Amino acid sequence: MYALVDCNSFFASCEQVFRPDLRGQPVVVLSNNDGCIVARSKEAKQLGIPDLQPYFKISDQLRQAGVHVFSSNYELYGDLSTRVMDTLKAFSPNIEVYSIDESFLDMSGHALKTLPELGRAMRDTIYRHVRLPVGVGMGATKTLAKLANHIAKKSNKCHYVCVIDRLEQWHKVFAKIPVHHVWGIGSRLSGRLADQRIYSVLDLIQQDPERMKKHYSVNVSRTITELQGIPCYGLDETPEPKKQIISTRSFGVKVFNCLALEQSVSQYASRACEKLRKEQQRVKTMMVFASSSRFDANYYTRSVIVPLSMPTNDSRVICSLARKAVRECIYKSGVPFARAGVGLIELYAESPEQLDAFTARQDERSQELMKLVDHINQTCGRVFIASQGIDPYWKMQRNLKSPAYTTRWPDLPIVKV
DNA sequence: TCTGGGGTCCTAGGACCC
DNA sequence: TCTGGGGTCCTAGGACCC
């Protein structure tokens, strides 16, 4: 059996952890640059506030309804996520952290009838340790555990814990769940499935995987097999190294100036390099891109592939090539740039180092320097490349951000007795 | 005025090989 | 009148996830 444990309205719940006055209140969290609504507390959902709605379109409505609005605060969410996952590790040695707010656990070894109780214990312990509410779903496959989690949150009878054991007993429930709630079935597929009169989970579970493989894809056939209780996916406990690293942001204001655009890609390149070194990888091919707003009538977008002469993770090399790409291939006078980014798209592990007779290697001094820079930035200060600029005017808006309660000394909450 | 930021995998088709 | 067959690698585009 697998368990899928998932935090309820994760970002919104995080905002309530150090603001108990907001529990039971409508709370929403915005995406970067205060763009769209990406999380809503239960009370906000009940007010009918839609997900992924642009904030500017409904900010008046939110104010009138007394909704508490927050910019995204990833320092806080990341730290609380780690605490939730650490708590979960006590319940199973085999755990796959699947996203910032959910994990799969291997529950084999526990008697079937003890599972509901175990689920409730997970939920209670996490709330006691971190003050975050979770839902727990269990099933014989990951897809069934996901489905059980969905039922756990929707059904009043479940109280946020649901175990799918004997499949036949669930057919009545499955008949009522639209097929797009199944993990792996998105909007396109559910549209195509509807053409074949497959609307509910029950409709899907009754299909023949082999036949569906021909009509759709191997993934759809695997999803059906998993729904039928036969596992196709195992637990990924040790995450594979990343295949690409992308860093991109929208600007707080439109950028018309080439130097500012260069500063921005310099910053994104630098951030991407930090991630790259943390992953102990090097990059051989990079992509640099920038564009005006997607909603512009004259949408302008450019991207350039930049091959590097040798695999490297030296921020100085990457930043300078990224800026050159902006200057020579991307910037165009008069274009109101709304976003830019850097993608590191062909990565190699630092070790074992793969060399050929004609490729130079990153020298020792460069590696030492990067190590030192990372160390300083992790412990006591901030070293950066001058071309990133200082406090740039185009940086993203986050006007409604809460304090980094758990990760910055000045933001530490004070308890008055 | 204002519309997020990451990722992965699969498939089809073309180029090329023997 | 009349197509060989089997394979790999790469890329673009599509679909999915959170």
Side-chain angles (χ1 to χ4, degrees), chain A residues 4-11 28-39 50-62 69-74 77-78 81 96-104 142-143 146 149-150 179-193 212-223 226 232-233 236 239-255 264 268 271-272 275 279 285 287 289 291-297 299 303 305 336 338-347 394 396-400:
Chain A
L4 188 271
V5 183
D6 169 311
C7 301
N8 306 344
S9 316
F10 180 56
F11 295 171
V28 301
V29 177
L30 306 176
S31 62
N32 273 326
N33 223 15
D34 293 344
C36 295
I37 289 177
V38 290
D51 201 15
L52 300 177
Q53 188 76 5
Y55 175 52
F56 76 91
K57 283 190 179 171
I58 56 166
S59 54
D60 287 342
Q61 184 196 331
L62 294 178
V69 182
F70 291 93
S71 302
S72 43
N73 183 349
Y74 287 99
Y77 312 151
S81 169
E96 172 188 346
V97 177
Y98 178 67
S99 77
I100 193 166
D101 77 327
E102 61 189 295
S103 272
F104 287 104
K142 285 172 131 182
T143 306
K146 270 277 202 184
N149 183 280
H150 172 79
V179 74
H180 72 261
H181 289 300
V182 173
W183 190 41
I185 306 295
S187 61
R188 295 299 177 101
L189 275 173
S190 49
R192 286 174 60 197
L193 289 167
M212 296 295 276
K213 189 168 167 179
K214 293 196 186 85
H215 280 75
Y216 295 89
S217 70
V218 59
N219 281 335
V220 172
S221 96
R222 281 181 189 146
T223 296
E226 284 239 321
C232 298
Y233 305 112
D236 272 330
E240 295 285 306
K242 282 201 169 49
K243 294 178 177 162
Q244 49 180 354
I245 293 171
I246 295 166
S247 177
T248 172
R249 289 282 180 281
S250 302
F251 302 134
V253 294
K254 297 285 180 279
V255 165
S264 74
Y268 307 142
R271 199 196 325 259
K275 290 187 205 166
E279 286 264 320
T285 310
M287 186 174 60
F289 54 94
S291 61
S292 62
S293 165
R294 286 181 294 147
F295 304 92
D296 256 13
Y299 180 52
S303 72
I305 301 283
R339 67 190 276 121
V342 167
L344 310 180
I345 54 179
E346 194 189 353
L347 309 184
W394 45 263
M396 71 167 157
Q397 293 197 38
R398 268 162 126 188
N399 297 325
L400 305 163

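In the text below, chain A, chain B and the rest are named by the order of the sequence lines, each starting its count at 1. Please read all numbers here as calculations on a predicted model, not as lab measurements.
Atoms CG (Asp51(A)) and P (dC17(C)) sit 14 Å apart, rounded to a whole Å. A straight line from CD1 of Ile58(A) to P of dT3(B) spans 14 Å, rounded to a whole angstrom. Leu193(A) places its CG atom 13 Å from the C1' atom of dA15(C), with the value rounded to the nearest Å. Residue Ile345(A) contributes atom CD1, which lies 10 Å from atom P of dA12(C) at whole-angstrom precision. Between the OH atom of Tyr74(A) and the C1' atom of dC18(C) there is a distance of 10 Å, rounded to whole Å. Between Asn149(A) atom CG and dC18(C) atom P the separation is 10 Å, expressed in whole Å. Going from atom OH of Tyr233(A) over to atom C1' of dC10(B) covers 11 Å, rounded to whole Å. We find that OH of Tyr216(A) is positioned 16 Å from C1' of dT11(B), with the value rounded to whole Å.
Residue Tyr55(A) is out of contact with every strand shown, counting any heavy-atom pair closer than 4.0 Å. No engagement by Val97(A) is indicated, since no non-hydrogen atom pair under 4.0 Å with the nucleic acid exists. Arg192(A) comes within 4.0 angstrom of nothing in the nucleic acid, heavy atoms only. At a threshold of 4.0 angstrom between heavy atoms, the contacts of Ser187(A) are confined to the sugar-phosphate backbone, with no base atom among them. Counting non-hydrogen atoms under 4.0 angstrom, Leu30(A) reaches nothing in the nucleic acid. Val218(A) comes within contact range of the sugar-phosphate backbone alone, with a heavy-atom separation under 4.0 Å but no base atom that close. Across all strands, Glu102(A) comes closer than 4.0 Å only to sugar-phosphate atoms, never to a base (heavy-atom distances). Among the heavy atoms of the strands, none lies under 4.0 Å from Asp34(A). Across all strands, Lys213(A) comes closer than 4.0 Å to no nucleic acid atom at all (heavy-atom distances).
Considering Val218(A), Asn219(A), Val220(A) as possible partners of Tyr216(A), the one that fulfils the side-chain contact (heavy atoms from CB on, under 4.5 Å) test is Val220(A). No option in Ser59(A), Pro54(A), Ser71(A) other than Ser71(A) meets the side-chain contact (heavy atoms from CB on, under 4.5 Å) test with Asp34(A).
Across dG4(B), dC18(C), dG7(B), the shortest atom-to-atom separation from the side chain of Lys146(A) is found for dC18(C). Closest contact between the side chain of Ile245(A) and the listed nucleotides dC10(B), dG7(B), dC16(C) involves dG7(B). Nearest to the side-chain atoms of Asn32(A) among the listed nucleotides dC10(B), dG5(B), dC16(C) stands dG5(B). Across dC17(C), dT3(B), dC9(B), the shortest atom-to-atom separation from the side chain of Tyr98(A) is found for dC17(C). The side chain of Lys275(A) has dG6(B) as its nearest neighbour among dG6(B), dC9(B), dC18(C). Taking every side-chain heavy atom of Ser250(A) into account, dG5(B) is the closest of dC16(C), dC17(C), dG5(B). Listed nucleotides dC16(C), dG7(B), dT8(B) differ in distance to Leu189(A); the shortest reach to its side chain belongs to dC16(C). The side chain of Ser247(A) lies closest to dG6(B) when the candidates are dG5(B), dG6(B), dC2(B). Which of dG6(B), dT8(B), dA15(C) sits closest to the side chain of Gln244(A) comes down to dT8(B). Distance from the side chain of Arg188(A) is smallest to dA15(C) among dC10(B), dC18(C), dA15(C).
For the pair Arg249(A) and Lys254(A), nearest-nucleotide mapping onto DNA chain B gives the more 5' position to Lys254(A).
Shortest non-hydrogen contact noted between Tyr299(A) and Ser292(A) is CE1-O, 3.3 Å.
Ile100(A) CD1 to Phe10(A) CZ: the interatomic distance, rounded to the nearest 0.5 Å, is 5.0 Å.
By the 5.5 angstrom centroid cut-off and the 30-degree plane limit, Phe295(A) is classified as stacked against the base of dT3(B).
Between Phe104(A) and Trp183(A), the ring-plane angle classifies as tilted under the 30° and 60° cut-offs.
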